[in-house]
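Notes to accompany the following structure.
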Amino acid sequence: MDIAGELNPQQQQAVTSSGRAILVLAGPGSGKTRVLAHRIAHLVQQRSVAPWAIMAVTFTNKAAREMRERVERLLGGQPDGLTLGTFHATCARILRRQADCLTAPADFVIYDAKDQESVVKQALKKLNLDEKRYRPRQILSIISRAKNELIAPEAFQARTYLEEVAGRVYGEYQALLRENDALDFDDLLMQVVFLLDTHPAVLRKYQQRYRHILVDEFQDTNTAQYVLIKQLAGGQGNLFCVGDEDQSIYLFRGADWRNVRRFREDYPESETILLEQNYRSTQLILDAAQAVIKRNSNRTHKALFTERKGGARITVGEPYDEDEEAEFVVNTIRRGNADPGSYAIMYRTNAQSRRIEEAFVRAGMPYRLVGATRFYARREVKDVIAYLRVVHNQADSIGLLRIINVPPRGIGAKTIAALQNWAAEQGIPLAAALEKIAATGDGTRSGRAPLPFPGRARKALVRFANLLTGWVMQRDTVPVPELMDLILEKSGYRAYLCDGSREGEDRWENILELRNVAREYPELTLTEFLERVALVSEVDNLTDEGDAPTLLTLHAAKGLEFPTVFILGVEEGILPHKRSWDEPEQMAEERRLFYVGITRARNKLYLLHCFRRAFWGDPDLGLPSRFLSDLPPELIDDREGMAAGAAVSYDYTGSALFSPRSSGTVGRSLLTPARAPSRGISPSPVKSRPIARPVEPSYRTGQRVRHDSFGEGIVIEAEPADGDEIVTVAFEDKGLKRLLASMAKLQAVDDE
DNA sequence: AACAAACGGCTTTTT
DNA sequence: GCCGTTTGTT
């Protein structure tokens, strides 16, 4: 979609409407980003509104950047003072500016998921609770939910035993964050809401400044975000929200599509505008998407249409296993003569990406991977950031503990524990204790309190403390990249990584990458650099450069579009994910996720589901996703099937495998056609499982057998193992079992 | 204190 | 099939 084109009547209406709150429900590919940008430009050009009186909030930095670029093109330059950024970044700015109203100082640090986990562990320890019994991640998700719902520790009400525990941890957790001058992601939002709630003067200031508030991806707002928007918009209702209920896929982090309804209730005068024309996909793809999403209730119906009538039918394929799935993708791309960059490969879980990556590597083809082990979550990157964070704010003991002995410098667990105790005894932060020790020098006495450290440990502590103080003294005069160099050298971290190993080299390269980020933004202070690093995500760095297919999760795909899209693992247990099976609400979200995936495709869509899928090491059956049966058969090209690459052509509509989950058990559906495993299609260097047979197999695929307690079934696979044989059998009543031939005493049933 | 080897828990999805 | 943690060894 180019900005040169005309706006259609609905878009035009959305851009120019005024005088009341507006809710734009925009279908996929309907140009909502464009509408937002045009509206900002429109407001500025009206002259009645100064750019600094406009606040536009998005969820990702990428969306913010895209919007900024569009606005710039429309206005022929950057509007002065326009507030345009993500919720989190905007909140962080407000908090730093209003620090005097808060418990947290302006130089607070931001904790990510890993740091949060460490804090929970500390809190558990403090409360004498066993972290094996109360899993930190679980506790954390309860705390996070509370924060997203704006429930402070004091107001937290437990409804289960675990919640009771979590409630206590929550209080301790917040206290620890405060001690560390730290905020987590959820705090950024919650604290701003609390701040505006308790400081009317501050609230008034922001309300008076921001005359227009625009919100992107409104369906993904959680309660905290919604309340924040409402606070800022005040009564005047110059609120402009754009979203699509059908693309709400962040329930798990507190997003609440009911905010759409709340909005209508809170602003009864508001106007709702539907954007139904799609400028992205073919009609066929749109039809498929609508067939899928139609089955959800609680949605505003939109009649999506496009001028791109017809279109290539959807290829649904069933490769044998993940390897064949990956080979199919690679071969299809290789054989097609389209630009490799026009392909996207999407999947439900990050864990699925590995097989595809391997296939691309084998084929010698480049690819772009979004997410997975996220750059900023890598150990070495986190280490360096921890160094910077501690230099920035010594109260950050989580960061300090991370690096105090990395690289190893003689400060072991014993010494650290002693240091922690000693600090706690005196009620001072860890770093202050460290400093105090250093202040005593190498001497043996320090006034009254004798230091509890033997000579060797103290020497190490003093050395480290001196390093730290040195960096702290330089942090305001030395630019961030140089500060990084200094730390990397003097801490011995570079030498520690560059030990000559291949892995060390890779890790060092990641550090250089981080340094490049710092170099790219030379004007950023240390505080700003750290904030940026904490609040950007991988998708944000996805650029258009590079002529390679893109690998990404369905979540990461939102807002993007590609000429050709593969969705992998369209199977029960994966999409929909098995964690969603018993929650209708979550199941609806899985459906929306699938919908998001489908609607990313401009021209051509491939949906793949494996016959066999290994979950964690153990092979299991793949059952086609129930969502596939919602696709009208005439939209599917099942004859082409896997012919282009892999093996099986497959009749979908008639198969038991294809029926919804409720109507067939694993065992029964298997009994229909016992399929021979097909091997990968690509020629040689493909990593193939050893097919060598040290022992002649005594069972063959498709053979009928009887087991003493499991009854009758069909052999799915028989593979030799150390002189024995592992037989996988699908039993009529008991489902799939893997058995050791010597133990199972299977009897052949010859009823043919 | 530092390393190697075994072990167990785990996977949704992200700002 | 991976990662981080625990355990054993020098």
Side-chain angles (χ1 to χ4, degrees), chain A residues 57-64 85-92 110-114 116-118 121 131-132 135-138 141 144 147-148 183-190 217 220-222 224-225 248-255 322 346-355 358 370-374 376-379 405-416 454 456-457 460 496 499 531-540 552-559 569 573-581 583 586-587 589-590 592-594 596-597 614-619:
Chain A
V57 265
T58 61
F59 274 81
T60 64
N61 291 295
K62 181 175 183 292
T86 62
F87 271 101
H88 288 87
T90 307
C91 288
I110 299 171
Y111 278 0
D112 71 6
K114 272 278 148 52
Q116 286 178 280
E117 231 176 283
S118 307
K121 282 180 186 168
E131 67 177 62
K132 292 267 159 55
R135 290 219 292 292
R137 295 178 112 278
Q138 222 171 345
S141 83
S144 173
K147 289 186 172 184
N148 287 329
L183 296 178
D184 63 19
F185 283 117
D186 303 318
D187 273 335
L188 292 174
L189 305 170
M190 182 175 80
E217 306 282 14
D220 285 330
T221 49
N222 58 35
Q225 285 156 335
S248 165
I249 53 174
Y250 285 103
L251 198 95
F252 68 91
R253 72 170 185 214
E322 297 100 317
M346 304 178 184
Y347 33 80
R348 176 68 235 267
T349 66
N350 277 310
Q352 288 170 256
S353 74
R354 225 192 67 250
R355 299 303 192 95
E358 285 170 2
V370 179
T373 2
R374 312 151 75 74
Y376 292 106
R378 299 220 167 112
R379 203 177 55 206
N405 199 32
V406 179
R409 52 170 72 88
I411 306 175
K414 281 264 172 58
T415 310
I416 292 173
R456 197 152 51 111
Y496 165 68
D499 56 353
E531 180 168 309
R532 185 179 184 88
V533 154
L535 297 178
V536 297
S537 75
E538 204 83 357
V539 208
D540 302 330
L552 74 183
T553 63
L554 288 164
H555 281 88
K558 194 162 77 158
I574 295 185
L575 183 65
H577 197 274
K578 54 171 162 251
R579 289 280 242 258
S580 315
W581 276 349
E583 266 292 326
Q586 283 187 48
M587 186 54 85
E589 177 145 314
E590 297 288 312
R592 292 193 290 266
L593 199 50
F594 187 42
V596 167
F615 258 103
W616 319 233
D618 294 324

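Letters A, B, ... are given to chains in the order of the sequence lines, protein chains preceding strands, and every chain is numbered from 1. Everything numeric here is computed off the predicted structure, so don't read it as measured data.
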Please give, in whole Å, the distance from [N] [atom2] to [X] [atom1]?
X      : N      : atom1 : atom2 : answer
A/E117 : C/dT5  : CD    : C1'   : 12 Å
A/L535 : B/dT14 : CG    : C1'   : 12 Å
A/L251 : B/dT15 : CG    : C1'   : 16 Å
A/R378 : C/dC3  : CZ    : P     : 10 Å
A/E322 : C/dG1  : CD    : P     : 9 Å
A/F59  : B/dT13 : CZ    : P     : 19 Å
A/L552 : B/dT14 : CG    : P     : 10 Å
A/I249 : B/dT13 : CD1   : P     : 12 Å

Among the nucleotides [options], which one has an atom lying closest to any side-chain atom of [X]?
X      : options               : answer
A/P408 : B/dT14, B/dA2, B/dA1  : B/dA2
A/H555 : B/dA2, B/dT15, B/dT13 : B/dT13
A/R354 : B/dT15, C/dC2, B/dT13 : C/dC2
A/H88  : B/dT15, B/dA1, B/dT13 : B/dT15

| message | At 4.0 Å (heavy atoms only), tell me whether A/D186 reaches a base, stays on the sugar-phosphate, or touches nothing. | response |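 No contact.
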Phosphate OP1/OP2 of [N]: any [X] side-chain N/O under 4.0 Å:
X      : N      : answer
A/T415 : B/dA1  : yes
A/N148 : B/dT15 : no
A/N350 : B/dT13 : yes

**Prompt:** Is there a stack between A/Y250 and B/dT13, judged by ring centres under 5.5 Å and planes under 30°?
**Reply:**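 So A/Y250 does not count as stacking on the base.
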Are there any protein N/O atoms within less than 3.5 Å of an N/O atom in nucleotides 5-10 of chain B, and if so, which ones and at what distance?
unit_1 : atom_1 : unit_2 : atom_2 : d
B/dC10 : OP1    : A/R135 : NE     : 2.4
B/dC10 : OP1    : A/R135 : NH1    : 3.2
B/dC10 : OP1    : A/R135 : NH2    : 2.7
B/dC10 : N3     : A/W616 : NE1    : 3.2

* Charged N to carboxylate O below 4.0 Å: is that the case for A/R592 and A/E589? ->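 Judged by the 4.0 Å cut-off on N to carboxylate O distance, A/R592 and A/E589 do form a salt bridge.
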Approximate separation, where rounding is to 0.5 Å, of A/R135 CZ and A/E117 CD:
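So the gap between those two atoms works out to 11.0 Å.
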Among all residues two or more places apart in sequence or in another chain, which pass the ring pair (Phe, Tyr, Trp, His ring centres under 6.0 Å) test with A/H577?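 In terms of ring pair (Phe, Tyr, Trp, His ring centres under 6.0 Å), with neighbours along the sequence ignored, A/H577 is linked to no residue.
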Once side chain to side chain contact (heavy atoms under 4.5 Å, CB included) is applied, do any residues pair with A/T415, and if so which ones, sequence neighbours excluded?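 In terms of side chain to side chain contact (heavy atoms under 4.5 Å, CB included), with neighbours along the sequence ignored, A/T415 is linked to A/I411, A/F453, A/A457, A/L461.
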